[in-house]
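Encoded as structure tokens, here's the structure I'll be asking about.
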Number of protein chains: 2
Amino acid sequence: MSDDSLSRVFAALADPTRRDMVARLAVGDATVGQLAAPYDVSMQAVSKHIKVLEEAGLVSRSRDAQRRPCHLEAEVFDLMTKWIERYQQRAQERYRRLDAVLAEMNDGAAHTSNDNNNNHNPGLDPTITGAAS
Amino acid sequence: MSDDSLSRVFAALADPTRRDMVARLAVGDATVGQLAAPYDVSMQAVSKHIKVLEEAGLVSRSRDAQRRPCHLEAEVFDLMTKWIERYQQRAQERYRRLDAVLAEMNDGAAHTSNDNNNNHNPGLDPTITGAAS
DNA sequence: GTTGTACTCAACCAATCAGTTGAGAAGGAG
DNA sequence: CTCCTTCTCAACTGATTGGTTGAGTACAAC
């Protein structure tokens with residue numbers, strides 16, 4: 001659900017042409033023809049790109065006679081930012097915890113000096129196989 | 001260059017399985033087998049996914065006997081966050097400018113009450129066809 | 001040495017994707 | 001009405017992708 005929409009957003013932005021279009025739309029709304037102008041591809045190809053951006057929720061299209069002005073929807077960026085920040089934070093927390101463990105090891109314990117630690121993954125949290133979604 | 005690496009990062013995160021792996025790696029390092037366990041795909045498939053994440057700079061692999069523990073590289077997230085925030089800000093600025101224009105129109109002018117506004121793109125910035133890359 | 005584990009590489013396959021061309025739909029202008 | 005512009009839809013093509021299986025590498029353990 002939210003998973004699928006995140007996939008669409010990331011996939012939409014994985015294409016440099018589409019990222020460039022987002023950059024242009026951030027400056028102001030534009031029609032398909034205006035968006036197509038700087039590239040040497042057909043308008044149909046650009047129309048397809050816009051469709052991808054639209055289905056990802058990044059862009060909305062309205063009507064103005066024959067023209068279809070495209071508008072950037074900024075809210076979707078929040079979705080991405082939240083996802084990224086979550087794992088960014090977790091990774092940073094993990095570093096802090098690892099530092100703490102290393103400090104503790106240096107501090108009080110030398111009895112685990114050999115690798116008889118049957119978990120061969122240093123720093124591996126056993127909850128890793130648990131729920132993570 | 002930086003463009004290409006951004007494409008790789010977004011493309012890597014466009015797959016829900018790979019995003020799930022990133023979520024697991026944010027909790028702690030894990031081997032290929034451990035990452036493969038919760039999914040009903042072959043280890044080769046998981047190995048490929050990790051390779052994609054690695055080439056995107058999101059993950060690094062070290063050696064531990066036969067095992068190849070995977071580690072999340074958090075710095076790459078900054079690259080994405082910066083890109084997103086740039087256009088998020090631009091879009092928000094644009095809204096603010098549009099608000100200002102609307103306020104000005106309400107304030108001093110009633111002569112454009114019908115739609116003879118020859119610029120049929122409300123809010124369209126003429127600089128859009130100019131340099132934007 | 002042989003066996004078993006953890007993993008990668010190479011080749012293949014079906015599905016998706018980014019592009020094309022050709023045909024139209026929608027609507028303003030002569 | 002006809003012409004022209006703007007754009008979408010449908011069908012096709014070549015490249016990429018996510019998966020498979022089979023073989024091979026690296027290393028520990030017996």
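A note on names: the letters A, B, ... follow the listed sequences, proteins ahead of strands, and every chain is numbered from 1.
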Worksheet, complete the sentence: Heavy atoms of B/Phe10 and A/Leu13 approach each other most closely as CD1-O, 3.4 Å
Discussion item. From the set D/dT21, D/dC27, D/dT5, return the single nucleotide nearest to any side-chain atom of B/Ser42.
Written reply: D/dT21
Practice prompt. Would you kindly compare A/Met43 and B/Ile50 by the position of their nearest DNA chain C nucleotide and give the one closer to the 5′ end?
Written response: B/Ile50
Worksheet item: Below 4.0 angstrom from OP1 or OP2 of D/dC7, is there any side-chain N or O of A/Ser47?
Response: no
Worksheet item: Is the closest side-chain heavy-atom distance between A/Val22 and A/Phe77 below 4.5 Å?
Response: yes
Worksheet entry | Distance in angstrom units between A/Arg61 CZ and D/dT6 P, rounded | 16 Å
Item to complete: State, with a plain yes or no, whether a side-chain heavy atom of B/Cys70 is found less than 4.5 Å away from one of B/Met21.
Response: no
Is there any protein nitrogen or oxygen under 3.5 Å from a nitrogen or oxygen in nucleotides 14-18 of chain D, and what are the pairs?
{"from": "D/dG18", "atom 1": "OP1", "to": "B/Arg18", "atom 2": "NH2", "distance (Å)": "3.0"}
{"from": "D/dG18", "atom 1": "OP2", "to": "B/Arg18", "atom 2": "NH1", "distance (Å)": "3.4"}

Item to complete: Using atom CD of B/Gln44 as one end and atom P of D/dG22 as the other, report the distance to the nearest whole Å.
Response: 10 Å
Item to complete: Specify the separation, in whole Å, of atom NZ of A/Lys51 and atom C1' of D/dC7.
Response: 13 Å
Discussion item. Which nucleotide wins on minimum distance to the side chain of A/Arg67, given the candidates D/dT8, D/dC7, D/dG19?
Written reply: D/dC7
Discussion item. For A/Pro16 versus A/Ala14, what's the shortest heavy-atom pair and its separation?
Written reply: CD-O, 3.6 Å
Practice prompt. Determine, step by step, whether A/Leu25 and A/His71 satisfy the side chain to side chain contact (heavy atoms under 4.5 Å, CB included) criterion, reporting the C-alpha distance in whole Å, the side-chain angles of both residues, the deciding distance to 0.1 Å, and the verdict.
Written response: CA-CA 7 Å; A/Leu25 288 172; A/His71 175 77; over 6 Å; no
Discussion item. Measuring from atom OG1 of A/Thr17 to atom CZ of A/Arg19, what distance do you get when rounded to the nearest 0.5 angstrom?
Written reply: 9.0 Å
Worksheet item: What's the CG-P distance between A/Asp64 and D/dC7, to the nearest Å?
Response: 9 Å
Worksheet item: Quick one: is A/Thr31 getting a side-chain N or O under 4.0 Å of the D/dC7 phosphate, OP1 or OP2?
Response: yes
Worksheet entry | chain A contact limits on DNA chain C, taken 5' to 3' with a cut-off of 4.0 angstrom to heavy atoms | C/dA18 to C/dG28
Return all side-chain donor-acceptor pairs below 3.5 angstrom for residues 46-58 of chain B, not counting sequence neighbours, or 'none' if the list is empty.
{"from": "B/His49", "atom 1": "ND1", "to": "B/Arg18", "atom 2": "NH1", "distance (Å)": "3.1"}
{"from": "B/Glu54", "atom 1": "OE1", "to": "B/Arg61", "atom 2": "NE", "distance (Å)": "3.2"}
{"from": "B/Glu54", "atom 1": "OE1", "to": "B/Arg61", "atom 2": "NH2", "distance (Å)": "2.6"}

Fill in: salt_bridge(A/Lys82, A/Asp78) N-O dist < 4.0 Å
no
Item to complete: Evaluate side chain to side chain contact (heavy atoms under 4.5 Å, CB included) for A/Thr31 paired with A/Asp64, printing each intermediate quantity in order.
Response: CA-CA 9 Å; A/Thr31 66; A/Asp64 172 37; over 6 Å; no
